[in-house]
Amino acid sequence: MSVKLHYFMTRGRGHAIRLLLTHAKIEFEDVVIPYEKWMEVKPSYEFGVLPVLYIGDKAYSQMRSILRFIGRKHGYYPQDENDAYEVDSLMDAMDDWLAAVANNYTIPKFVMKESKEQLEAKLPKVHEIIAKMLGIIEKKFENSDKKYLVGDKLTVADFLFVAVAMSNTSLN
C-alpha cells in the first residue's frame, strides 16, 4: 500500500513524521507542497492544514494524531497510561513551541515574505521562545536516569523533539 506525506519544504510539523517513518523503515513518498500553491490547494485538505499522511486512499491529518497512529502501530507509543500521558504532554508543549516560532518567524519569512531586516528584528523574540522551552524540558529531565524523553525506549515524543530542535537550528 502506498504511503505519501504531504507537507511543505520546511521541517516544521512534517519533519517528525518523516523521521518516524524513516526510523520505522516505512517507505513513503514525500510530496512537497510549494508555498505559492498552498492557498489554491488548501481547501482540498481535511481541516485545511498540513501535514497530511495518505496510506492508500485514507487521509490522516494533524501532526500529533499522525505520530500517535504510526507510533501505536510500530511500537513508538507507550502502552502504559502514565508514560502515554508524558509523551502526549511533551508533544503538546513542543507543538506550542512550533506554533510560537512559526507565528513569530516561519510564517513571516515564507508566507508573508518579510525582508531580511524585519526577520532579524524578530530573532530575539524567537530565541527567547526557544530558550524558555529548552529550559522547561531540561528542568523536567535534569535529575532523570531515562535514556530517552520518556523511559528507555524511543517514543514519538523523541522524534518530535529532534524535529523541533532541527527546525529551530536553521533559523537565521
Side-chain angles (χ1 to χ4, degrees), residues 5-23 30-53 60-68 70-71 76-77 84-144 146 148-150 154-172:
L5 176 64
H6 289 223
Y7 196 62
F8 304 109
M9 180 54 82
T10 60
R11 291 180 179 140
R13 288 183 166 82
H15 199 56
I17 298 166
R18 289 178 183 124
L19 293 172
L20 180 57
L21 290 169
T22 301
H23 195 271
D30 199 357
V31 179
V32 175
I33 307 301
Y35 282 113
E36 53 274 2
K37 296 273 188 189
W38 174 235
M39 294 313 289
E40 176 186 330
V41 299
K42 182 177 179 171
S44 67
Y45 290 99
E46 181 180 42
F47 304 119
V49 298
L50 293 177
V52 173
L53 181 71
Y60 299 86
S61 57
Q62 301 296 339
M63 174 195 66
R64 290 174 304 202
S65 297
I66 295 167
L67 288 170
R68 282 190 294 269
I70 298 166
Y76 296 96
Y77 191 82
Y85 164 79
E86 289 294 329
V87 165
D88 288 343
S89 176
L90 284 165
M91 289 201 320
D92 289 346
M94 286 183 268
D95 193 43
D96 291 344
W97 179 2
L98 273 173
V101 171
N103 290 334
N104 284 281
Y105 190 83
T106 311
I107 292 170
K109 180 177 182 177
F110 292 107
V111 178
M112 299 164 65
K113 307 278 189 205
E114 288 189 3
S115 71
K116 184 176 181 177
E117 293 78 24
Q118 289 172 303
L119 293 169
E120 286 176 0
K122 294 176 184 299
L123 283 176
K125 172 73 172 166
V126 172
H127 292 158
E128 179 183 318
I129 293 164
I130 294 167
K132 180 181 177 188
M133 288 305 297
L134 285 174
I136 291 168
I137 290 173
E138 181 180 27
K139 186 175 181 182
K140 188 172 179 77
F141 295 100
E142 66 187 2
N143 295 319
S144 173
K146 297 174 185 174
Y148 298 102
L149 289 177
V150 180
L154 277 171
T155 68
V156 292
D158 296 292
F159 291 97
L160 183 55
F161 179 76
V162 168
V164 170
M166 289 175 73
S167 294
N168 286 285
T169 59
S170 63
L171 297 175
N172 53 29

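FYI, side chains are in, hydrogens and waters are out, and symmetry mates aren't considered; it's all heavy atoms of this structure.
- A side-chain donor-acceptor contact under 3.5 Å links Asp158 to the backbone of Thr155.
- Using a 4.5 Å cut-off on side-chain heavy atoms (C-beta onward), Leu50 and Phe8 make contact.
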Checklist entry - Under the side-chain contact (heavy atoms from CB on, under 4.5 Å) criterion, do Tyr7 and His15 qualify, and how do the steps go? => result CA-CA 9 Å; Tyr7 196 62; His15 199 56; over 6 Å; no
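- Once rounded to the nearest 0.5 Å, the distance linking OH of Tyr105 with CD1 of Ile129 reads 12.5 Å.
- Within a 6.0 Å sphere centred on OH of Tyr148, heavy atoms belonging to other residues, nucleotides or ligands number more than 12.
- Results of the side chain to side chain contact (heavy atoms under 4.5 Å, CB included) test with Glu120 over Gln118, Lys122, Lys116 single out Lys116 as the only residue that passes.
- For the pairing with Leu5, the side chain to side chain contact (heavy atoms under 4.5 Å, CB included) check across Leu53, Val32, Val31 returns one residue only, Leu53.
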Enumerate donor-acceptor pairs with a distance under 3.5 Å from any side-chain N or O in residues 35-42 to protein atoms, sequence neighbours excluded.
{"unit_1": "Tyr35", "atom_1": "OH", "unit_2": "Thr10", "atom_2": "OG1", "d": "3.3"}

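- Separation of atoms CG (Leu134) and CH2 (Trp97) is listed at 4.0 Å; rounding is to 0.5 Å.
- Side-chain contact check for Val156 versus Ile70: every heavy-atom pair is 4.5 Å or farther apart.
- Taking CG from Leu20 and CG from Leu160, the interatomic distance works out to 10.5 Å, rounded to the nearest 0.5 Å.
- Shown here are the ring pair (Phe, Tyr, Trp, His ring centres under 6.0 Å) partners of Tyr76, two or more places apart in sequence or in another chain: His23, Phe159.
- Nearest heavy atoms, Ala163 versus Ala16: CB-N, 3.4 Å.
- A distance-only check finds a donor-acceptor pair linking the side chain of Arg11 to the backbone of Met166 [under 3.5 Å].
- For the atom pair CG (Leu98) and CE (Met133), the distance works out to 9.5 Å, reported to the nearest 0.5 Å.
- With Asp95 contributing its side chain and Met91 its backbone, the two residues share no donor-acceptor pair below 3.5 Å.
- Smallest separation of non-hydrogen atoms from Met63 and Arg13: CG-O, 3.4 Å.
- Smallest separation of non-hydrogen atoms from Ala102 and Pro108: O-CD, 3.6 Å.
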Item to check | Stepwise side-chain contact (heavy atoms from CB on, under 4.5 Å) check, Tyr60 with Val52 | outcome: CA-CA 6 Å; Tyr60 299 86; Val52 173; over 6 Å; no
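- If you take CG on Leu154 and OH on Tyr77, they are separated by 15.5 Å, rounding to the nearest 0.5 Å.
- With hydrogens and angles left out, the side-chain atoms of Ser89 and Glu86 include no donor and acceptor closer than 3.5 Å.
- Sequence neighbours left out, not one pair with a member in residues 124-133 passes salt bridge (Lys or Arg N to Asp or Glu O under 4.0 Å).
- For the atom pair Met94 CE and Phe161 CZ, the distance stands at 7.0 Å (nearest 0.5 Å).
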Checklist entry - After noting the C-alpha distance and the side-chain angles of Asp88 and Arg64, does the key distance pass the salt bridge (charged side-chain N to carboxylate O under 4.0 Å, His left out) rule? => result CA-CA 8 Å; Asp88 288 343; Arg64 290 174 304 202; over 6 Å; no
